[in-house]
Amino acid sequence: MTQKPYTVDELISAKAIAARVEALAKEISSHYADTDKLVVVGLLRGSFIFIADLVRELDLPVEVDFMEASSYGNSTESSREVRILKDLRGEIAGRDVLVVEDIVDTGYTLKHVLEILETRHPRRMEVCALLNKPSRRETDVTARWVGFDIPDKFVVGYGIDYAQRNRNLPHIGAVRFTG
Ligand code: IMP
Ligand code: MG
């Protein structure tokens, strides 16, 4: 695939991310202090670095599982569909589940994933999203924990890609087209 030339402008530094992840982990650890075993569900692929950093800061017994969903708009724009490309390995019935997402944008992906997981009757289910674009929301989903609210910009880094690139950037940056 040919890509238009672009550069990446730093939006959130690696240091700021680390500090925020530590603060989120403290809140999450105290919220689940009474829980036997939390199941942390990472939504692939964008959340892989965030979940790796987050779980290492949690002061709790946790299980980690992954799910991969792909969202795409169909021709009518108003209806969005989400496909499950990889399902969880484990059972979540009766369990406390924390869904970890990279970005909540329109919210369709998260909404569909939560609807699917609800049918399996978790005991409680909450969401932690690294980034949130409130101005883009088209659904009623909310994340209980959000790392950063960001403006309507296309971002990359810290696990998040543009056409599969830039996931390995240590910071979060905004894509700016140069050509
Ligand atoms: P939603 O269904 O519109 O909320 O889309 C959420 C998904 O779209 C996220 O999990 C990301 O994978 C992707 N996404 C949304 N905004 C961005 C962005 O700025 N950069 C890269 N991926 C994004
Ligand atoms: Mg995603």
Side-chain angles (χ1 to χ4, degrees), residues 12-71 80 82-134 136-150 155 157-161 167-168 170-172:
I12 307 171
S13 71
K15 208 174 158 188
I17 296 168
R20 188 69 189 117
V21 169
E22 196 185 328
L24 286 171
K26 281 212 174 75
E27 287 180 35
I28 292 167
S29 295
S30 63
H31 181 80
Y32 289 107
D34 64 337
T35 300
D36 294 350
K37 213 192 293 160
L38 179 66
V39 189
V40 181
V41 170
L43 300 187
L44 295 171
R45 283 174 264 177
S47 72
F48 82 106
I49 292 179
F50 179 41
I51 196 172
D53 283 347
L54 186 70
V55 297
R56 281 181 292 177
E57 298 282 347
L58 292 178
D59 190 15
L60 294 170
V62 295
E63 277 181 27
V64 177
D65 206 340
F66 292 97
M67 192 163 176
E68 184 171 7
S70 130
S71 64
R80 304 279 183 99
V82 176
R83 286 183 302 155
I84 299 302
L85 303 179
K86 183 212 172 295
D87 204 345
L88 299 178
R89 289 288 294 265
E91 305 284 333
I92 57 165
R95 307 287 299 275
D96 277 285
V97 174
L98 176 65
V99 176
V100 175
E101 173 64 309
D102 56 353
I103 307 179
V104 188
D105 188 42
T106 65
Y108 282 106
T109 307
L110 192 55
K111 189 179 172 77
H112 285 248
V113 164
L114 293 177
E115 279 170 5
I116 289 162
L117 296 180
E118 277 301 348
T119 66
R120 301 175 190 177
H121 308 292
R123 186 164 89 98
R124 285 185 298 184
M125 190 160 57
E126 302 289 356
V127 175
C128 177
L130 176 66
L131 304 175
N132 182 37
K133 293 183 189 171
R136 296 262 306 161
R137 194 75 87 260
E138 295 178 22
T139 60
D140 58 2
V141 291
T142 52
R144 180 169 193 133
W145 295 283
V146 168
F148 302 91
D149 281 337
I150 59 166
V155 296
Y158 197 67
I160 300 164
D161 73 303
R167 291 192 195 274
N168 57 327
H171 56 268
I172 289 166

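Here the structure is a predicted model, which is why all the values come from computation and not from measurement.
Atom CE of M67 and atom CG of L117 lie 4.5 Å apart (nearest 0.5 Å). Rounding to the nearest 0.5 angstrom, the gap separating the CD1 atom in I160 from the CG atom in D102 is 4.5 Å. Taking CG of L24 as the reference point, atom CG of D53 lies at 11.5 Å (rounded to 0.5 Å). Between I103 atom CD1 and K133 atom NZ the span is 5.0 Å, to the nearest 0.5 Å. Expressed to the nearest 0.5 Å, how far NZ of K15 lies from NE2 of H171 amounts to 15.5 Å. With rounding to the nearest 0.5 Å, the separation of CZ in R56 from CD in E22 is 13.0 Å.
Looking at heavy atoms from C-beta onward, I28 lies in side-chain contact with L54 at the 4.5 angstrom threshold. Considering only heavy atoms from C-beta on, K86 comes within 4.5 Å of L44 through its side chain. Between K111 and D140, the closest side-chain pair of non-hydrogen atoms falls below 4.5 Å. Here the side chains of R120 and E91 are not in contact, with every heavy-atom distance at 4.5 Å or above. Using a 4.5 Å heavy-atom threshold, the side chains of V100 and V55 count as separate. By the 4.5 Å heavy-atom criterion applied to side chains, L43 and V99 are counted as neighbours. Y158 is listed as a side-chain neighbour of V21, based on a closest heavy-atom distance under 4.5 Å.
When the shell of 6.0 Å around CD of E27 is examined, it contains more than 12 heavy atoms from other residues, nucleotides or ligands. Crowding of D34 atom CG: a count of heavy atoms from other residues, nucleotides or ligands under 6.0 Å exceeding 12. For K37, the NZ atom is loosely surrounded, since the number of other residues' heavy atoms within 6.0 Å does not exceed 12.
Summarising the geometry of E101 relative to S47, their closest heavy-atom pair is C-CB, 4.2 Å, with the distance given to 0.1 Å. Considering all non-hydrogen atoms of both residues, G159 and I49 come closest at N-CD1, 3.5 Å. Residues G107 and V141 come closest through the heavy atom pair O-CG2, 3.6 Å. Closest non-hydrogen pair, L88 versus I92, comes out as CD1-CG2, 3.8 Å. Closest of all the heavy-atom pairs between A14 and P170 is CB-O, 3.5 Å.
Listed for the S29 side chain is a donor-acceptor partner under 3.5 Å among the backbone atoms of D59. Remark: side-chain polar atoms of D65 are paired, donor with acceptor, to backbone N or O of R89 under 3.5 angstrom.
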- request: Kindly indicate, with the supporting measurements, whether the criterion side-chain contact (heavy atoms from CB on, under 4.5 Å) is fulfilled by L130 and I172.
  value: CA-CA 11 Å; L130 176 66; I172 289 166; 3.7 Å; yes
- prompt: Yes or no on side-chain contact (heavy atoms from CB on, under 4.5 Å) for L98 and Y32, after CA distance, side-chain angles and deciding distance?
  reply: CA-CA 10 Å; L98 176 65; Y32 289 107; 4.1 Å; yes
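Among the candidates T106, T142, D105, N132, the single residue satisfying the side-chain hydrogen bond (donor to acceptor under 3.5 Å, both in side chains) test with R137 is N132.
W145 and H31 have perpendicular rings, their planes meeting at more than 60° on a 0 to 90° scale where under 30° would count as parallel.
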